[in-house]
**Student:** 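Before we start, here is the structure in question, set down as structure tokens.
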Amino acid sequence: MPIQIHDTLTGGKHELTPLRPGQVGLYACGPTVYDLSHLGHARCYVVWDVVVRHLRARGLAVKYVRNFTDVDDKIIKRAGERGEDPVALAARFADEFHRDMDALGCLRPDVEPRVSGHIPEIVALIAALVEKGFAYAPGNGDVYFSVRRFPEYGRLSGRNLDDLLAGARVAPGEAKRDPLDFALWKGAKPGEPRWPSPWGDGRPGWHIECSAMTRKHLGDTFDLHTGGKDLVFPHHTNEIAQSVCACGDGQHAESYARAWLHNGFVEIDDEKMSKSLGNFFTVRQVLERYEAEGLRLFLLGTHYRRDFNFSDTVLSEAERRLGYLYETLEKADRVAAGAAPAPAQGGKVPADGGAAPDGGLVERCRAALDDDFNTPQVLGLLAEAFTAANALCDLKGKKTPEQRERLAAFARDARRLGETRGLLQRAPGETLRALRDRAAGRRGLDTAAVEARLAERQAARKARDFARSDAIRDELLAQGVAIMDGPEGTSWKVL
RNA sequence: GGCGCUGUAGCCAAGCUGGUAAGGCAGCAGACUGCAAAUCUGCCAUCCCCCGGUUCGAAUCCGGGCAGCGCCUCCA
């Protein structure tokens, strides 16, 4: 079964056919590091992380490149406000970015190039464009790309030049021959970081850095280029123009990246989460309140191309769901090991002694990811397997060796499937305690106080004073604490 | 104005290279429980924004609307 991807360039799904069989070059547009990362970053990098993991699981050798944009107007502005060196400020926030992505369980890319480390490559690329007549230096220190020299300009974003003309504007001091032309190199202004170039001291324009870095690390033509859908225009549109003209065939977008993946937005109340709207949450803020793995599960609950709303409600739902998954895993481990027979419970059980957490699960999940990385579908498939596993665990009586083996297989499959999604890799017991304490914290509950009340209730139960025992339970329940009396004692969790 | 995306049960969300609606949350009933919680079982969209069309057959294809959002300025 081939891997199908939705390609923005063609607007449809098609088979992923690597340029070099068995190998995939993937470039993810990285963050501009001038502040802490927000949920939008979390969303896309978790998604690309799953893409990389899945392609690797399918036997492809993926070279994963993700840049840091560390030379940029916003960085310079922020650094100026703080009296800090721009490159140093960017380096600091790159470290913070790593901390967030590590917490979210994202694998580090194979290469993480920075603009500041690729100035010679950028200058060379611009020089090539000037030499070939695709770019010009009007003498004010800037270099511009001649949009009209590239016949396919705007193809990725479905724009034509006349449409664009209406919205085009030229900033004061620019010397564009055509309002649609864009800067490849910007002449240095006082106080800005600067590097020498044939056109005078200056710094790269916004788009050229990605063209230079993909070329250096993945070659002139490579397989997949990813980013947020807000980058389709102008960033990716301009990247294609530069790269195709400098080192491609000068005609076709495919001679740069062969396919483009774009992710949808994280929204708040149906509006795009963005800094300019001020309606954003940093990853840090969210992780103060929720387990990172819960956030990850939440982010994978919607297909990557779609927008979705962020809310406390849905996020806590995801975290509770994560708790269910780990509880099931813990139970399956325990029963499979033959320890502590499951509580004598359970309703109707199918004639075969419980639906098998079946052998087709792994294959079906793989097929779902093969189809344009359909993570929500995988979660649905997982749900059915977990229900079946629970049913098997809850069967009355001692488990047969076959049943135990089936549960062991389930736990194995679940963990293996989780690995490709970056989920379910932790020890269940410890994770469940962490989830519980998080939830307790959000409710403003004091763990020690709850434990104390629980001890009182145990004493009451021992004395068969059920009235008192129930009163305590109801009181705790009113606070959102659910008590579970089981064969191995009493545990609790936060609803 | 141009381009694009989305519209599926109370809510979240798959399906959309056509064949008679995954999954989750909430809700209801049942099993289990001293009572609960958890877990499991059953129920829960004659219908997929609206109107036409193609077809033996459409949530899925085509045409026309309506609504929301996004890009066209920095942005994942």
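The structure presented is a predicted model; accordingly, all values stated were derived computationally and were not measured. Per chain, numbering begins at 1; letters A, B, ... match sequence-line order.
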**Student:** Just to be sure I understand the rule, does A:F233 reach a base, reach only the sugar-phosphate, or reach nothing, if contact means heavy atoms closer than 4.0 Å?
**Tutor:** sugar-phosphate
**Student:** Categorize A:R66 for me: base, sugar-phosphate, or nothing, with a 4.0 angstrom heavy-atom threshold over every strand shown.
**Tutor:** nothing
**Student:** Would you please classify the geometry between the A:F222 ring and the A:H225 ring as parallel, tilted or perpendicular, with 30° and 60° separating the classes?
**Tutor:** tilted
**Student:** State plainly whether the residues A:R148 and A:D181 are in salt-bridge range, i.e. N to O under 4.0 Å.
**Tutor:** no
**Student:** Measure all distances between protein nitrogen or oxygen atoms and nitrogen or oxygen atoms of nucleotides 18-23 of chain B, and list the pairs falling under 3.5 Å.
**Tutor:**
| from | atom 1 | to | atom 2 | distance (Å) |
| --- | --- | --- | --- | --- |
| B:A22 | O2' | A:E384 | OE2 | 3.1 |

**Student:** Kindly indicate whether a cation-pi arrangement holds for A:R66 with A:Y27, taking the cut-offs as under 6.0 Å to the six-membered ring centre and within 45° of the axis.
**Tutor:** no
**Student:** For B:A76, does either OP1 or OP2 sit under 4.0 Å from a side-chain N or O belonging to A:N263?
**Tutor:** no
**Student:** What integer distance in Å separates A:D474:CG from B:U33:P?
**Tutor:** 20 Å
**Student:** Would you list the protein and nucleotides 3-7 of chain B atom pairs, both N or O, that sit under 3.5 Å from each other?
**Tutor:**
| from | atom 1 | to | atom 2 | distance (Å) |
| --- | --- | --- | --- | --- |
| B:C3 | O2' | A:S157 | O | 3.1 |
| B:C3 | O2' | A:G158 | O | 3.4 |

**Student:** Take A:D470 and A:S276, find for each the nucleotide of RNA chain B with the closest heavy atom, and name the residue whose nucleotide sits nearer the 5' end.
**Tutor:** A:D470
**Student:** Whole angstroms only, please: what is the CG-P distance between A:L224 and B:A76?
**Tutor:** 20 Å
**Student:** I'd like to know if A:K229 and A:D307 make a salt bridge, using a cut-off of under 4.0 Å between side-chain N and carboxylate O.
**Tutor:** yes
**Student:** Check this for me: does any side-chain nitrogen of one of A:K331 and A:D394 sit under 4.0 Å from a carboxylate oxygen of the other?
**Tutor:** yes
**Student:** Determine the Euclidean distance between corresponding C1' atoms of B:C44 and B:A21; express it in Å to zero decimal places.
**Tutor:** 14 Å
**Student:** For B:A76, take OP1 and OP2 only and decide whether either is under 4.0 Å from a side-chain N or O of A:K272.
**Tutor:** no
**Student:** Specify the separation, in whole Å, of atom CE of A:M484 and atom C1' of B:A37.
**Tutor:** 7 Å
**Student:** Would you say A:H38 and A:Q285 are linked by a side-chain donor-acceptor pair, where the criterion is simply a distance under 3.5 Å?
**Tutor:** no
**Student:** For nucleotides B:G7 and B:U17, find the distance between their P atoms and express it as a whole number of Å.
**Tutor:** 13 Å
**Student:** State which of B:G34, B:A14, B:A38 makes the closest approach to the side chain of A:R461.
**Tutor:** B:G34
**Student:** Are A:I5 and A:L224 close enough that some pair of their side-chain heavy atoms sits under 4.5 Å apart?
**Tutor:** yes
**Student:** If you draw the axis of the six-membered ring of A:F280, does the NZ or CZ of A:K272 fall within 45° of it and under 6.0 Å from the ring centre?
**Tutor:** no
**Student:** Between the side-chain atoms of A:R464 and the base atoms of B:G34, is any donor-acceptor pair under 3.5 Å?
**Tutor:** no
**Student:** When the distance from CG of A:L164 to P of B:G2 is rounded to whole Å, what number comes out?
**Tutor:** 14 Å
**Student:** Answer yes or no: is there an ion pair linking A:K186 with A:D73, defined by an N-O contact shorter than 4.0 Å?
**Tutor:** yes
